[in-house]
J.: 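Submitted below is the structure of interest, expressed as structure tokens.
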Amino acid sequence: MINRLAEHLLALPRPAKRLLALCVDGLLCVLCVWFALSLRFEQWTFPRGLQWSAAAIAVVIALPLFTVFGLYRAIFRYAGAAALMAIMKACALFGLSYAVIFSLIGITTVPRTVGLVVPLLLFLCIGGLRMLTRYWLGGMYMSAVDRKSLPQVVIYGAGGAGLQLVAALAQSRDMVVRAFIDDAKHLQGSTLNGVRIQAPSWLRDNAGILGITDVLLA
């Protein structure tokens with residue numbers, strides 16, 4: 001299920017990924033304010049009244065800064081040292097602006113410590129989430145790229161020899177088996193060791209689309 005979710009995320013068009021990232025970062029701003037208030041009052045405290053201004057101002061300041069510093073230009077799977085530096089700079093400017101508003105100037109019912117705690121929490125959340133997403137989605141993406149660079153093959157014959165062959169190829173990782181091909185109609189449409197069995201006509205129709213390079217006879 002997790003892998004399927006990752007595949008759906010990687011398949012999203014880039015504007016949709018950026019919009020999703022904006023929404024997630026906006027939600028993190030609100031959660032950081034909630035957690036900062038809870039730390040200050042030493043109990044779970046949901047924002048009330050003017051305290052919501054702390055969440056709203058966090059979103060209004062953070063998202064434009066993150067956009068300017070290019071946090072939504074780079075896809076998460078490419079996040080690295082340069083992206084972390086951009087996050088640090090954006091969060092530093094956010095922290096300065098946020099501290100001036102809530103720690104120096106102050107707003108009624110919003111503890112002044114919120115102006116200092118929220119920027120630190122936001123940096124940890126934004127940076128941590130980017131790194132986590134990089135290792136999660138980035139690993140899957142690079143695995144998919146590596147698989148595409150390998151020979152794409154089909155195995156003709158879904159019998160015992162074919163099963164042994166696909167098992168051997170799975171261990172060696174020298175080729176990617178895209179399908180079994182078999183003339184037996186009662187086998188077509190089923191799967192063998194996780195690989196679907198197709199009719200010979202399937203190969204003719206899909207060889208070019210899938211980049212099939214070889215047919216292995218079993």
Side-chain angles (χ1 to χ4, degrees), residues 1-2 4-141:
M1 182 177 179
I2 294 177
R4 185 171 298 178
L5 174 61
E7 290 172 0
H8 286 313
L9 290 175
L10 289 174
L12 288 174
R14 185 164 294 183
K17 292 176 183 175
R18 289 174 178 169
L19 179 60
L20 178 61
L22 279 164
C23 293
V24 170
D25 287 349
L27 178 61
L28 286 177
C29 289
V30 176
L31 293 177
C32 286
V33 171
W34 177 32
F35 194 54
L37 288 170
S38 300
L39 288 175
R40 171 61 180 81
F41 294 116
E42 299 183 351
Q43 61 180 350
W44 290 112
T45 303
F46 204 70
R48 300 188 303 271
L50 285 177
Q51 292 174 348
W52 278 109
S53 64
I57 291 175
V59 173
V60 169
I61 295 177
L63 297 190
L65 276 175
F66 293 168
T67 302
V68 169
F69 278 88
L71 269 63
Y72 305 118
R73 287 200 302 268
I75 300 174
F76 289 156
R77 59 175 175 257
Y78 299 126
L84 184 59
M85 184 60 65
I87 293 172
M88 291 178 62
K89 292 178 180 178
C91 287
L93 284 179
F94 168 83
L96 180 62
S97 304
Y98 202 77
V100 167
I101 296 173
F102 291 100
S103 295
L104 294 182
I105 299 175
I107 292 181
T108 306
T109 73
V110 179
R112 292 181 182 272
T113 54
V114 168
L116 301 175
V117 175
V118 168
L120 177 59
L121 291 176
L122 189 61
F123 170 71
L124 294 176
C125 290
I126 296 294
L129 183 62
R130 292 300 197 279
M131 294 301 105
L132 178 64
T133 308
R134 178 200 179 195
Y135 286 109
W136 178 39
L137 295 183
M140 289 195 64
Y141 174 74

J.: Write down the atom of V33, the atom of Q51, and the distance for their closest heavy-atom approach.
T.: CG1-O, 4.4 Å

J.: Hey, could you give me each pair passing ring pair (Phe, Tyr, Trp, His ring centres under 6.0 Å) that has a residue in residues 96-118? Not counting sequence neighbours.
T.: F94-Y98, Y98-F102

J.: What donor-acceptor contacts under 3.5 angstrom involve side-chain atoms of residues 111-129, with partners at least two apart or in another chain?
T.:
| residue | atom | partner | partner atom | Å |
| --- | --- | --- | --- | --- |
| R112 | NH1 | S103 | O | 2.7 |
| R112 | NH1 | L104 | O | 3.1 |

J.: Which word best sums up how the rings of F35 and W44 line up, parallel for under 30°, tilted for 30 to 60°, or perpendicular for over 60°?
T.: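 Because their plane-to-plane angle lies in the 30° to 60° range, the rings of F35 and W44 count as tilted.
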
J.: Can you measure from CD1 (I87) to CG (L71) and round to the nearest 0.5 angstrom?
T.: 5.0 Å

J.: For W52 and P47, which heavy atoms make the closest approach, and how far apart are they?
T.: NE1-O, 3.1 Å

J.: Between S38 and F46, is the side chain to side chain contact (heavy atoms under 4.5 Å, CB included) condition met? List the steps.
T.: CA-CA 8 Å; S38 300; F46 204 70; over 6 Å; no

J.: Say you draw a straight line from CG of D25 to OG1 of T67; how long is it, rounded to the nearest 0.5 Å?
T.: 9.0 Å

J.: Is a side-chain N or O of W34 found less than 3.5 angstrom from the main chain of T45, in a donor-acceptor match?
T.: yes

J.: Can I get a per-line list of side-chain donor-acceptor pairs under 3.5 Å for residues 53-65, giving both atom names and the distance, sequence neighbours left out?
T.:
| residue | atom | partner | partner atom | Å |
| --- | --- | --- | --- | --- |
| S53 | OG | L50 | O | 2.4 |

